[in-house]
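What follows is a short report on a single structure.
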Amino acid sequence: MIRELGDVIPVPAEVRPDTAVRFHFDAGTAIGATPGTEQVAAYLADILRPATGFDLPVTPAETPEGSGAVALRLDRSLADEEYRLEITDGGVTLTGGASAGLFYAVQTLRQLLPAEIFATTPHGIGWTLPGGTIVDRPRFAYRGAMLDVARHFFTVDEVKSYLDTLAQFKINHLHLHLTDDQGWRIEIESWPKLTAISGGDGTGVDGAGPGFYTRDDYTEIVAYAANRYVVIVPEIDMPGHVNAAQVAYPELTADGVAPPQRTDTAVGYSSLVAGKPETYAFVEDVLREVAELTPGPYLHIGGDEAQATTAEDYRTFIQRALAVVTGLGKSPVGWHEMAAVDLPPSAVTQFWRIEAMDDGTARAAAGGGKVLMSPADRTYLDMKYTAESPLGLDWAGLLDVEKAYGWDPAERLPGVGEQALLGVEAPLWSETLRSLADVQTMAFPRLPAIAEIGWSPRESRNWESFRHRLAACGHRWRLQGVAFHRSPEVPWPA
Ligand code: TNX
């Protein structure tokens, strides 16, 4: 079966089918990598070999010898993430503005092949691409997902697996919520008890298992993500959500007494002390070490739900923390409560509330600041699909696929239009999630909806089209061993 040229998620900006032509891969197909495209060419060969069983040699030529050629090129007149995919009888040409664009051309090509391309063993079927041209580019620079590894820890391999599935939808940021009241999940050499105590056994919700990333683990995740054109955004949540840090270091409390360890799911009860020098020694050391390990431009400082901090202390603390981040040469990101203070120009405000109005975020946008849209009622992948969903929470309402798809980030907040938006992010809080399969079940099929909102031109989006394109993902997920929720809104094949 030959797919339709536009049967891709996120839907491409421009699709020009030419049904008179098509391209067949066969045992003689070769891949030509012009200078600068070798890495993506090797990646393309790697993902096509297992299911096709073809050699797919990569040669450093514009048009390799063979019964048909797949050529990779760079064209600096395109934006970095922009690409062109041209499919004719004689060959396929993938052109990217930079390697990121080429990588996205590969993701599109992969979805245009039969679903069996996701199999890990050879399938003797026809490997045919529909003819025509796609020219594609993202609407927003930041298309993100967030994983909460603090409430329940997820291993390096689990995060890598999540990254593999995210990258297929052209998601380019993974925000890791590394610390919270229950646990501390990143090694900090200068404050070793953070993980020695609060990364240990019983630090997950309801006393679930131990876990934290060593510096090497975290570096491995960053590199794996970079190979998929995904930037890791590390979050150290402050001044609230710090009980795990205070259990390890009682000097971070007002009275110097360690609080009891907490593995329940309450929020808003812990706070760093704005007036204590130890607080800032801690903040400076932690952010410096995390910055050292993070090549990406962002450091997320949390800032949410600080009900145990007075408004004045909150402002004092956030201002100091913002200065630490900018002093490290990074752009601070914070949940929108952070916009209670005057923000530095590089700061990014992440809107998460469900009400339509929020003065702080609009004020930040009016001052030229960038906004990341994560309204809980549309993007929180930990919300239940239906009242019957065994996993998830429902404080922001139920979230089915159509609701996750049917909104626009530029219309969500008065005063926060297209120009103010850095992009969208789909957070996944893990209070109720214990396994990678739980994560996948909540993310799929809703994450692709958020990915399409982040990438595709607004006028190209259409629910009827989307739910049919989503149906084609089911077989691919099964072949990859990815769990997903069989939403009744999607016409899954039997
Ligand atoms: C609110 S959204 C939180 C998290 C919870 C989440 C559960 C936000 C910035 N904070 O602490 O895990 O709700 O959905």
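Atoms within a ligand are numbered from 1 in the order they appear, just like the ligands themselves. What you see below is based on every heavy atom in this structure, not just the backbone, and it leaves out hydrogens, waters and symmetry mates.
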All N/O donor-acceptor pairs, side-chain side in residues 471-480, below 3.5 Å, sequence neighbours left out:
unit_1	atom_1	unit_2	atom_2	d
Arg476	NH2	Gln111	O	3.1
Gln480	OE1	Gln168	NE2	2.7
Gln480	NE2	Arg476	O	3.2

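- Phe212 has its ring centre no less than 6.0 Å from the ring centre of Trp184.
- Annotation for Lys330 and Thr294: closest pair NZ-O, 2.6 Å, computed over non-hydrogen atoms.
- In this structure a side-chain-to-backbone donor-acceptor pair under 3.5 Å is present from Asn172 to Ala141.
- Using bins of under 30°, 30° to 60° and over 60° for the plane-to-plane angle, the ring pair His177/Trp429 lands in the perpendicular bin.
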List below, pair by pair, the N or O atoms of ligand 1 and of the protein that are less than 3.5 Å apart, including the distance to 0.1 Å; reply 'none' if no pair qualifies.
unit_1	atom_1	unit_2	atom_2	d
ligand 1	10 (N)	Asp304	OD2	2.9
ligand 1	10 (N)	Glu305	OE1	3.2
ligand 1	11 (O)	Arg151	NH2	3.0
ligand 1	11 (O)	Glu305	OE1	3.0
ligand 1	12 (O)	Arg151	NH1	2.8
ligand 1	12 (O)	Glu431	OE1	3.4
ligand 1	12 (O)	Glu431	OE2	2.6
ligand 1	14 (O)	Asp382	OD2	2.7
ligand 1	14 (O)	Trp395	NE1	2.7

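- The shortest side-chain heavy-atom distance between Thr263 and Val205 does not fall under the 4.5 Å cut-off.
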